[in-house]
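Step one of this worksheet: look at the structure below.
We use all heavy atoms of the structure for the numbers below, so side chains are in, but hydrogens, waters and symmetry mates are not. Remember, predicted model here, so these are calculated numbers, not experimental data. Here, residue 1 is the first one in the sequence, and each next residue gets the next number.
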Amino acid sequence: MDLSYGFPPVANGQARLLILGSMPGQASLQAAQYYAHPRNAFWRIMGDLLGAGPELPYAQRLVRLQAAGVALWDVIAACQRGGSLDADIVGASVRANDFSAFLAVHRSIERIFFNGAAAEASFRRHVLPGLAERPLALHRLPSTSPAHAARSYADKLAAWSVIVAK
């Protein structure tokens, strides 16, 4: 099984918070876009909260996120995975992104939000032990993946509204 590689971060110097997924799924990798699966609720939620909805071209969505002080990335830079599910990731193959370098450049990021439990677990296992001491608030949010349909859209939107709270 070959390694799959994620995307570079979407961030500018004004980023105040970082949203982390685990690793892009197959639909995202094929489209070369974060959260490209049509049933993933991420862009719908970003539309309701930040005006970066799926009706906009992808590049405009990214501009809106950055204008709102939101950075977007994934914990995993590369891994082996047989499908799109986080459960399919081969743990021994995980290569984490370089968060020390990223956070050194993006010094105003104080809050990190995880898009689901797998992103949080990967970060805590592969990244957090190597990070220099820095006050970061870590928050797990419900996954926007269509594989996690146990929560309604309204429940997910309510939980995700914390990203716009001051």
Item to check | Stepwise side-chain contact (heavy atoms from CB on, under 4.5 Å) test for L29 and F7 | outcome: CA-CA 8 Å; L29 291 172; F7 306 135; 4.1 Å; yes

Item to check | Nearest heavy atoms of F102 and I109, plus distance in Å | outcome: CE2-CD1, 3.6 Å

Checklist entry - Would you find a donor on one side and an acceptor on the other, under 3.5 Å apart, between the side chain of R64 and the backbone of G51? => result yes

Please report, to 0.1 Å, the donor-acceptor pairs under 3.5 Å made by any side chain of residues 90-100, with sequence neighbours excluded.
unit_1 : atom_1 : unit_2 : atom_2 : d
S93    : OG     : Q80    : N      : 2.8
S93    : OG     : V90    : O      : 2.6
N97    : ND2    : D74    : O      : 2.7
D98    : OD1    : S100   : N      : 3.3
D98    : OD1    : A101   : N      : 3.1

Checklist entry - Are L65 and V162 linked, directly or through other ILVMFWY residues, by side chains that come within less than 4.5 angstrom of each other? => result yes

Checklist entry - Do you know the tightest heavy-atom contact between A104 and R107? => result O-CG, 3.1 Å

Next on the checklist: Within the structure provided, determine whether W73 and I112 are in side-chain contact (heavy-atom separation under 4.5 Å).
Outcome noted: no

Next on the checklist: What's the separation between atom CZ in R44 and atom CZ in R39, rounded to the nearest 0.5 Å?
Outcome noted: 13.0 Å

Checklist entry - How far apart are the C-alpha atoms of M46 and W160, what are their side-chain angles, what is the distance that settles it, and do they pass the side-chain contact (heavy atoms from CB on, under 4.5 Å) test? => result CA-CA 9 Å; M46 292 303 108; W160 276 81; 3.7 Å; yes

Checklist outcome for this item: Tightest non-hydrogen contact, residues S122 and I76, listed as OG-CD1, 4.0 Å

Checklist entry - Does the S28 side chain pair with the main chain of Y35, one donor and one acceptor, at a distance under 3.5 Å? => result yes

Item to check | Any donor-acceptor N/O pair, R16 side chain to A68 backbone, under 3.5 Å | outcome: yes

Checklist entry - Looking at N115 and G21, what are the two nearest heavy atoms and their distance? => result CB-CA, 4.3 Å

Checklist entry - How many angstroms lie between atom CG of D2 and atom SG of C79, to the nearest 0.5 angstrom? => result 12.0 Å

Item to check | V63-V10 co-clustered via ILVMFWY side chain contacts under 4.5 Å | outcome: no

Checklist entry - V105, I19: one ILVMFWY side-chain cluster at the under-4.5 Å cut-off? => result no

Checklist outcome for this item: Residue pairs passing the salt bridge (charged side-chain N to carboxylate O under 4.0 Å, His left out) test with at least one member in residues 135-147, sequence neighbours excluded, are E120-R140

Checklist entry - Do L131 and V75 belong together in a cluster built from hydrophobic side chains that touch within less than 4.5 Å? => result yes

Item to check | Over all atoms of both residues, closest heavy-atom pair of L141 and A159 | outcome: CD2-O, 3.5 Å

Checklist entry - Linking I/L/V/M/F/W/Y whenever any side-chain heavy atoms sit under 4.5 Å apart, do L138 and V127 land together? => result yes

Checklist entry - Taking it one step at a time, do L136 and L103 satisfy side-chain contact (heavy atoms from CB on, under 4.5 Å)? => result CA-CA 10 Å; L136 290 170; L103 292 170; 3.9 Å; yes

Checklist entry - How far does CG of L18 sit from CD of E110, to the nearest 0.5 angstrom? => result 12.5 Å

Can you give the donor-acceptor pairs under 3.5 Å from side chains of residues 53-62 to other protein atoms, not counting sequence neighbours?
unit_1 : atom_1 : unit_2 : atom_2 : d
Y58    : OH     : Y34    : N      : 2.9
R61    : NE     : L56    : O      : 3.0
R61    : NH2    : L56    : O      : 3.4

Next on the checklist: Please evaluate residues I163 and I45 with respect to the criterion side-chain contact (heavy atoms from CB on, under 4.5 Å), reporting the C-alpha separation (whole Å), side-chain torsions for both, the decisive distance (0.1 Å), and the verdict.
Outcome noted: CA-CA 11 Å; I163 71 166; I45 289 171; 6.0 Å; no

Item to check | Heavy-atom pair with the smallest gap, counting every atom of A11 and A71 | outcome: CB-CB, 3.6 Å

